[in-house]
Amino acid sequence: MIKPLRGMKDLAFEDAAKFQYFIEKAATVAKRYGYSYVETPILEDTALFKRSVGESSDIVNKEMYQFIDKGENDVCMRPEGTAGVVRFFISNKLDRQQGKFKFFYYGPMFRYERPQKGRLREFHQFGCESFGEASVYEDYTIIELVAAIFDALNIKYELEINSLGCQECMPKYRESLVEFLEKKKEKLCEDCNRRITTNPIRVLDCKNPHCKEQLVDAPKITSSLCSSCESDFTKLKSLLEQNGIEYKVNSNLVRGLDYYNKTAFEFVSSEIGAQSAIAGGGRYDRLVEFLDGKPTPAIGFAIGIERVMDLISLPKEQKSGYYIGVMDSVALDYAIAIAKALKMSETVTVEYTPRKLKAHLKAADKMNARYCLVIGEDELQNGTLWIKDLVEKVEDRLSQEQFLKRNKL
RNA sequence: GUGGGUAUAGCUCAGUUGGUUAGAGCACCAGAUUGUGGCUCUGGGGGCCAUGGGUUCGAGUCCCAUUAUCCACCCCA
């Protein structure tokens, strides 16, 4: 038996319904915030991700589905969504226009990781990217947008924010952090020691309790910000407060992708296991430039759809549509013709196996149909239909014309 | 990449210290005075006990390997 590949799942039945429900809600909210839909290719030039996500990140280092295609191009299945949208933004020369552009997208992402709860190799993200707006009001608004999506879906979350500083303050902070870490070197774990040179900020994020202990009095980025980053961060916090969005400052919050600067945020759920980040995002003012576009400030986020799946409860489904059954196979042709007309406007299921009335009613009930329509011997003889409303519990016998007229067909 | 757990019916799981024909619930199908649903009762179909090796008179049960899967580390949404 051929099974789906490791870390890949079929999406069907209730999960499929939840997925569509999520997309519908999220897209509706995103559109209200001025975002329009964009779909970019799943396969991209490997260089795109190396240059955007960053060579130092694990994603690029060891998790990419990368291969050489038949034209000998080095290609890669996208591990995240932002790079593709930024590439689209630049390829279409939108960076040369002065306007502001906002896009939302959703679709599959691929990372070659060991699967566990909330972590698949093929997973889906819904994300938004806003280009051309440097104001901190946009930082606030995009966080508000994520919150609005979760609110629309009745999902509980905790919001954590941080500022990663800019070109001015980040390098200085980095220096002082490295200095601090060098002193503690022997007491830190292997991974942390490696990170001191590769990506020192990530040390702050280490889950090892011994490391955490050592890092208590590490210099904090939030107290090393330059005046403009500092005032933006303060403004962001007050905007969140004014608008009733609860948050916690987490000065150890580091986004795993190299392109972030200034505002970084994460939405976390305590109800879904170890992989608790349900959305993450932040500002990436330098990324467009890195990818050969004109310098353009930008900010975005992504929601992990699978992570949020268990937190969604679908509205209860009402009985609807028609079930058509026959008690004798001679009536089938007749049933099919009626079904064809009905299908212009209704969901219709025809059972081809002749059954007793009781079995048909049972089946109609099982599939949540509103109406059960049965053609038996009597109906066949005098050209009528027997129809029962499974909700109102009333039944009727109509001629075919009467029935079609009643349904305006 | 590193740990640990699990693998028996379509699904959720029982299965005694190894012992005859493999169990339940759910789901499915059929019946319970002639053509009336959701409840109930009765019956039925459905298993290479993940795969491959061992140990044994005898293995679903014990041992080894492989594979899959889950959870955690790591990483991240």
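Residue numbers begin at 1 in each chain, while the letters A, B, ... track the order of the sequences.
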TODO: Could you pick out which residue, A/Tyr112 or A/Gly118, lies toward the 5' side of RNA chain B when each is mapped onto its nearest nucleotide?
DONE: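 Counting from the 5' end, the first nearest nucleotide belongs to A/Tyr112.
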TODO: For A/Asp389 and for A/Arg307, locate the closest nucleotide of RNA chain B by heavy-atom distance; then report the residue assigned to the nucleotide nearer the 5' terminus.
DONE: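 Result: A/Asp389.
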Given atom [atom1] of [X] and atom [atom2] of [N], what is their separation to the nearest angstrom?
X	N	atom1	atom2	value
A/Leu120	B/rC70	CG	C1'	12 Å
A/Lys117	B/rC73	NZ	P	13 Å
A/Glu113	B/rC71	CD	C1'	15 Å
A/Met64	B/rC76	CE	C1'	15 Å
A/Glu271	B/rA77	CD	P	21 Å
A/Glu160	B/rA77	CD	P	13 Å
A/Tyr157	B/rA77	OH	C1'	17 Å
A/Ile272	B/rA77	CD1	P	13 Å

Considering only the [atom1] atoms, how many Å lie between [N] and [M], rounded to the nearest integer?
N	M	atom1	value
B/rC76	B/rG3	P	22 Å
B/rG46	B/rG54	P	32 Å
B/rC74	B/rG4	C1'	15 Å
B/rG45	B/rA27	C1'	13 Å
B/rC26	B/rA14	C1'	15 Å
B/rU56	B/rG18	P	16 Å
B/rC70	B/rA50	C1'	15 Å
B/rA59	B/rU51	C1'	16 Å

Task: Side-chain-base donor-acceptor pair under 3.5 Å for A/Lys358 and B/rU36 - done: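 Flag unset: no donor-acceptor pair detected.
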Task: Parallel, tilted or perpendicular: rings of A/Tyr157 and A/Phe150 (30°, 60°) - done: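 Geometry flag for A/Tyr157 against A/Phe150: tilted rings.
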Task: Parallel, tilted or perpendicular: ring planes of A/Phe265 versus A/Phe301, cut at 30 and 60 degrees - done: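 A/Phe265 and A/Phe301: tilted rings.
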Sugar-phosphate only, base, or nothing, as touched by [X] at under 4.0 Å among non-hydrogen atoms:
X	value
A/Glu63	sugar-phosphate
A/Lys319	base
A/Gly273	sugar-phosphate
A/Glu377	base
A/Lys62	nothing
A/Ala274	sugar-phosphate

Do [X] and [Y] meet the criterion of a side-chain donor-acceptor pair at a distance under 3.5 Å?
X	Y	result
A/Tyr260	A/Asn162	no
A/Glu241	A/Tyr247	yes
A/Glu133	A/Ser135	no
A/Tyr137	A/Lys235	yes

Between [options], which one does the side chain of [X] approach most closely?
X	options	value
A/Arg119	B/rC71, B/rA77, B/rG37	B/rA77
A/Trp386	B/rA77, B/rC73, B/rG35	B/rG35
A/Arg6	B/rU36, B/rU69, B/rA77	B/rU69
A/Pro115	B/rU36, B/rC70, B/rG38	B/rC70
A/Leu390	B/rC73, B/rG35, B/rG37	B/rG37
A/Arg355	B/rA30, B/rG1, B/rU36	B/rA30
A/Gln275	B/rC76, B/rG38, B/rU36	B/rC76

Short side-chain N/O contact from [X] to OP1 or OP2 of [N], under 4.0 Å:
X	N	value
A/Lys366	B/rC29	no
A/Gln116	B/rA72	yes
A/Lys356	B/rA32	yes
A/Arg114	B/rU2	no

Which base, if any, makes a Watson-Crick or G-U wobble pair with [N], both distances under 3.5 Å?
N	value
B/rC39	none
B/rC28	B/rG44
B/rA14	none
B/rU2	B/rA72
B/rG52	B/rC64

TODO: Give a yes or no on whether a salt bridge exists between A/Asp139 and A/Lys262, defined as a side-chain N under 4.0 angstrom from a carboxylate O.
DONE: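 A salt bridge is absent here (no side-chain N lies under 4.0 Å from a carboxylate O).
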- [ ] Tell me, yes or no, whether the heavy-atom count around A/Tyr37 atom OH, taken from other residues, nucleotides or ligands under 6.0 Å, exceeds 12.
- [x]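 Above 12, so yes.
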